[in-house]
Protein chains: 2
Amino acid sequence: MSETGLTFSPEIELRLDEAARLCAERGVTLTPLRREVLGLVLSSEQPIGAYALLDRLRRRRRGAAPPTVYRVLDFLRALGFVHKVERLNAFVGCPSASNYVGHDQGHAVQFLICTRCGRVTETEDDAIAAAIADAAERHGFRQMRATVEIEGICRACVG
Amino acid sequence: MSETGLTFSPEIELRLDEAARLCAERGVTLTPLRREVLGLVLSSEQPIGAYALLDRLRRRRRGAAPPTVYRVLDFLRALGFVHKVERLNAFVGCPSASNYVGHDQGHAVQFLICTRCGRVTETEDDAIAAAIADAAERHGFRQMRATVEIEGICRACVG
DNA sequence: CTCGTCAATGTTATAATATAACGCGTCAAG
DNA sequence: CTTGACGCGTTATATTATAACATTGACGAG
Ligand SMILES: [Zn+2]
Ligand SMILES: [Zn+2]
Ligand SMILES: [Zn+2]
Ligand SMILES: [Zn+2]
């Protein structure tokens, strides 16, 4: 008789509600499937690969297949709710997507990838962005976006 | 009766000779296979994928298989002769590998990826590297390396 | 010489990541 | 009612990368 109930932690459900609100603002829909995938990404301590996501998704959705998850990831990335970490071929939730609405084309973002614990921290460093913009301009290059992924050992792991 | 002759342009053969010299200096060998793969990468105007490389390699080496090319690429990357462009899952020759010998762990490098013509330019921008090092330090992050890939339209394409 | 060892490559199979192409149901505009 | 956009299911395939084991040839120890 009950609805499906909370699938994710209360904090994450809040973020999902916020994401739904932002979707509505833009005339798109955070469908149950999209909400579930986003919830799974946000629930992961580490970047999660498309197929790991697919495995978890299948526990609730029988018919899920690769296109299911890739399509949803495309949608979530286009809205700035999720980023891809290229070095890992894996996906992370955007921590600022719930706070700020200018992320259509994605903000200028950098990742700190800990090779020890596997965690990834997202930053938005203006100095890096400026240095990149400057270098691009000096090369007569019309920059559209930049991937910045810094690998090393995070504060927690380095002790 | 003649030897195989020049497989690549004279400029590239010169760079291959230089690479062989650098290998010898470090106690490793630029075998014919490795030399040929490096030549193919250097001959490509654009980043080249492992399987495109494999196709070209097979014209001369019958038995070539994926491990053949991936092993050689690992070798060439470890020596700094070749870089991987993560956004493209493709490989480029390092333009400075022939001039400078400190590339064992790879120099701090950035790529300008033109989404129009597909060409990739390698840069070595100290300001970007410094901004990244600074941001990492502020996060208590012990940086090992960084991937910086800037996408846009190159000077030639933007006209 | 002959054996052991190592680097390099060959060889077969498979894993991991990603997309193409088509179909089907819903829903709202016209 | 028809049409078209959207969301998703479904099947098949493409693309990228690695695991695991075999073979070859060079070279030094004995
Ligand atoms: Zn973000
Ligand atoms: Zn860590
Ligand atoms: Zn380089
Ligand atoms: Zn261009």
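Each chain gets a letter, A, B and so on, in the order the sequences are listed, and its residues count up from 1.
- Proximity of Thr68(A) to the phosphate of dG9(D): a side-chain N or O atom is located under 4.0 Å from OP1 or OP2.
- Regarding Phe75(A), its CZ atom lies at a distance of 20 Å from the C1' atom of dT19(C), rounded to whole Å.
- With rounding to whole Å, Arg35(A) atom CZ is found 14 Å from dC8(D) atom P.
- Nucleic acid contact class of Arg71(A) (heavy atoms, under 4.0 Å, all strands): base.
- Remark on DNA chain C: of its neighbouring residues Ala65(B) and Arg34(B), the 5'-side contact belongs to Arg34(B), judged by nearest-heavy-atom nucleotide.
- Distance CZ (Arg58(A)) to P (dT10(D)): 11 Å, rounded to an integer number of Å.
- Atoms CZ (Arg62(A)) and C1' (dT10(D)) sit 15 Å apart, rounded to a whole Å.
- Checking the phosphate oxygens (OP1, OP2) of dA16(C), no side-chain nitrogen or oxygen of Asn89(A) falls inside 4.0 Å.
- In this structure, the CG atom of Leu73(B) is 11 Å from the C1' atom of dA17(D), given to the nearest Å.
- Atom-to-atom, CZ of Phe91(A) to C1' of dA16(C) comes out at 13 Å; the value is rounded to the nearest Å.
- Ion pairing of Arg21(A) with Asp17(A) is absent here, as no side-chain N (NZ or NE/NH1/NH2) approaches a carboxylate O to less than 4.0 Å.
- Both Asp74(B) and Pro66(A) lie near DNA chain D, and the one whose nearest nucleotide falls closer to the 5' end is Pro66(A).
- Within a 6.0 Å sphere centred on CZ of Arg61(B), other residues, nucleotides and ligands contribute more than 12 heavy atoms.
- Residue Thr31(B) places at least one side-chain N or O closer than 4.0 Å to OP1 or OP2 of dT9(C).
- The separation between Leu54(A) atom CG and dA16(C) atom P is 13 Å, rounded to whole Å.
- Between Arg145(A) and Glu151(B) there is a salt bridge, since a side-chain N of the basic residue sits under 4.0 Å from a carboxylate O of the acidic one.
- Atom OG1 of Thr7(A) and atom CG of Leu16(A) lie 8.5 Å apart (nearest 0.5 Å).
- Distances shown here put a side-chain N or O of Tyr70(B) below 4.0 Å from the OP1 or OP2 atom of dA17(D).
- We find that CG of Asp55(B) is positioned 11 Å from P of dT16(D), with the value rounded to whole Å.
- Ring geometry for His83(B) versus His107(B): interplanar angle of 30 to 60°, hence tilted.
- Annotation: of the two residues near DNA chain C, Tyr51(B) and Arg61(B), the 5′-most nearest-nucleotide partner is Arg61(B).
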